[in-house]
Amino acid sequence: MQGGMRNAHGGRRTGLILALDSSDPAEARRWRDAAGDAAGIIKLGLEFTYANGFDAVRQLSADRALFLDLKLHDIPNTVGSAIRALAPVAPAMLTIHAGGGAAMIAAARAACEAAYPAGARPILLAVTVLTSFDAAALAETGVGEEPRRQVLRLGRLAMQSGADGLVCSPHEVAPLRDALGEAPCLVVPGVRPAGAEAGDQKRVMTPGETARAGADWIVVGRPITRAADPAAAARAIASELAAV
Ligand code: C5P
């Protein structure tokens with residue numbers, strides 16, 4: 001699984017990741033099947049995994065590339081061991097918190113290299129500043145930076161320490177590309193098709209806008225899973241991406 005596909009002109013082709021945010025395996029399976037090939041990767045996170053366990057994760061992703069979004073954050077040895085323990089689940093993408101620091105990120109990368117077959121190791125993605133943080137919430141944790149500056153700081157640290165890419169909001173894509181160039185695989189939630197309800201996502205962009213800004217993958221959940229016709233909604237987003 002490569003991060004960052006290329007189109008026929010050598011440009012970036014942005015892919016669709018379907019977020020299956022449910023604790024119910026039957027519901028998640030319905031959403032997965034409705035989206036079909038429109039979504040190249042399915043994302044399962046803490047909710048599904050804690051509710052159903054890793055056997056259910058493996059069943060749901062048996063014929064799909066899996067983004068396992070567990071946002072690991074612990075001492076380097078524990079994160080490395082956890083990533084090695086996840087090898088039987090064969091994730092195509094994994095998340096860690098960049099705030100875990102350089103040694104933790106390096107340990108995560110080393111575990112990816114050691115425990116997965118060459119050419120099939122997961123894309124290691126770092127989460128920088130959760131979008132639930134504003135400047136005041138960051139200050140409460142002792143971080144005096146504006147969120148945007150902290151995103152760039154942690155993004156740079158993550159890439160220097162062995163991450164393959166970053167999870168970021170649509171509005172962070174262009175600044176991260178300016179600062180870090182083409183190397184990071186940028187995976188972007190908070191995307192809404194024109195006319196869709198924003199829900200609890202505050203600063204959204206459309207799939208086309210996010211692709212043009214330089215995203216490698218967009219992550220979309222409710223605009224597909226809660227649509228009257230999830231299959232049509234997934235196809236429409238995939239077509240919008242293909243047209244960029
Ligand atoms: O339903 P929706 O399209 O908002 O889902 C987006 C997915 O991306 C969810 O799984 C959510 O947890 C995740 N996510 C997010 N915003 C972030 C990081 C992750 O919405 N900043």
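Computed from a prediction, not measured in an experiment: that's the story for all the values here. Read the numbers this way: they start at 1 and go in the same order the structure lists the ligands and their atoms.
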Problem - For atom 18 (C) of ligand 1, closest protein heavy-atom neighbour - result: Pro189 CG, 3.6 Å
Practice task
With heavy atoms of Arg222 as the reference, note each atom of ligand 1 found under 4.0 Å away.
Solution key: 1 (O), 2 (P), 3 (O), 4 (O)
Practice task
Run the salt-bridge test on Arg177 and Asp216 with the 4.0 Å N-O cut-off and return the result as yes or no.
Solution key: yes
Practice task
Would you mind checking which non-hydrogen protein atom is closest to atom 3 (O) of ligand 1, with the distance to 0.1 Å?
Solution key: Gly221 N, 2.8 Å
Handout entry: ligand 1 contacted by Asp21 (non-hydrogen, < 4.0 Å)
Key = yes
Handout entry: Thr131 N/O to ligand 1 N/O under 3.5 Å
Key = yes
Completion exercise
atom 20 (O) of ligand 1: closest protein heavy atom, distance to 0.1 Å, is Gln201 NE2, 2.6 Å
Practice task
Please work out whether any backbone atom (N, CA, C, O) or any side-chain heavy atom from C-beta onward of Pro223 is under 4.0 Å from ligand 1, and answer side chain, backbone, both or neither.
Solution key: side chain
Exercise for the section: Looking only at protein heavy atoms, identify the closest one to atom 12 (O) of ligand 1 and say how far it is in Å. Expected result: Lys43 NZ, 4.1 Å
Practice task
Consider ligand 1: state whether an atom of it lies below 4.0 angstrom from any non-hydrogen atom of Arg226.
Solution key: no
Practice task
First locate atom CZ of Arg212, then atom OG1 of Thr14, and finally report the distance between them rounded to the nearest 0.5 Å.
Solution key: 10.0 Å
Exercise for the section: Could you point out which residue of Val219, Thr210, Ile237 forms a side chain to side chain contact (heavy atoms under 4.5 Å, CB included) with Val191? Expected result: Thr210
Problem - Audit row: Glu145, Arg153, salt bridge (Lys or Arg N to Asp or Glu O under 4.0 Å) steps and yes/no - result: CA-CA 10 Å; Glu145 297 277 25; Arg153 175 195 293 262; 2.7 Å; yes
Exercise for the section: Look up atom CD1 in Ile41 and atom CG in Leu16, then write down how far apart they are to the nearest 0.5 Å. Expected result: 9.5 Å
Exercise for the section: Using the rule that two of Ile, Leu, Val, Met, Phe, Trp, Tyr join whenever any of their side-chain heavy atoms come within less than 4.5 Å, decide whether Val204 and Leu186 are in one cluster. Expected result: no
Exercise for the section: Would you mind listing which atoms of ligand 1 come within a distance below 4.0 Å of any non-hydrogen atom of Ala19? Expected result: 7 (C), 10 (O)
Practice task
Ignoring hydrogens and angles, tell me if any N or O in the side chain of Thr95 forms a donor-acceptor pair with the backbone of Lys71 under 3.5 Å.
Solution key: yes
Problem - Check ion pair Asp164-Arg121 (N to O, under 4.0 angstrom) - result: yes
Exercise for the section: Examine ligand 1 and decide if any of its atoms is less than 4.0 Å from a heavy atom belonging to Val220. Expected result: yes
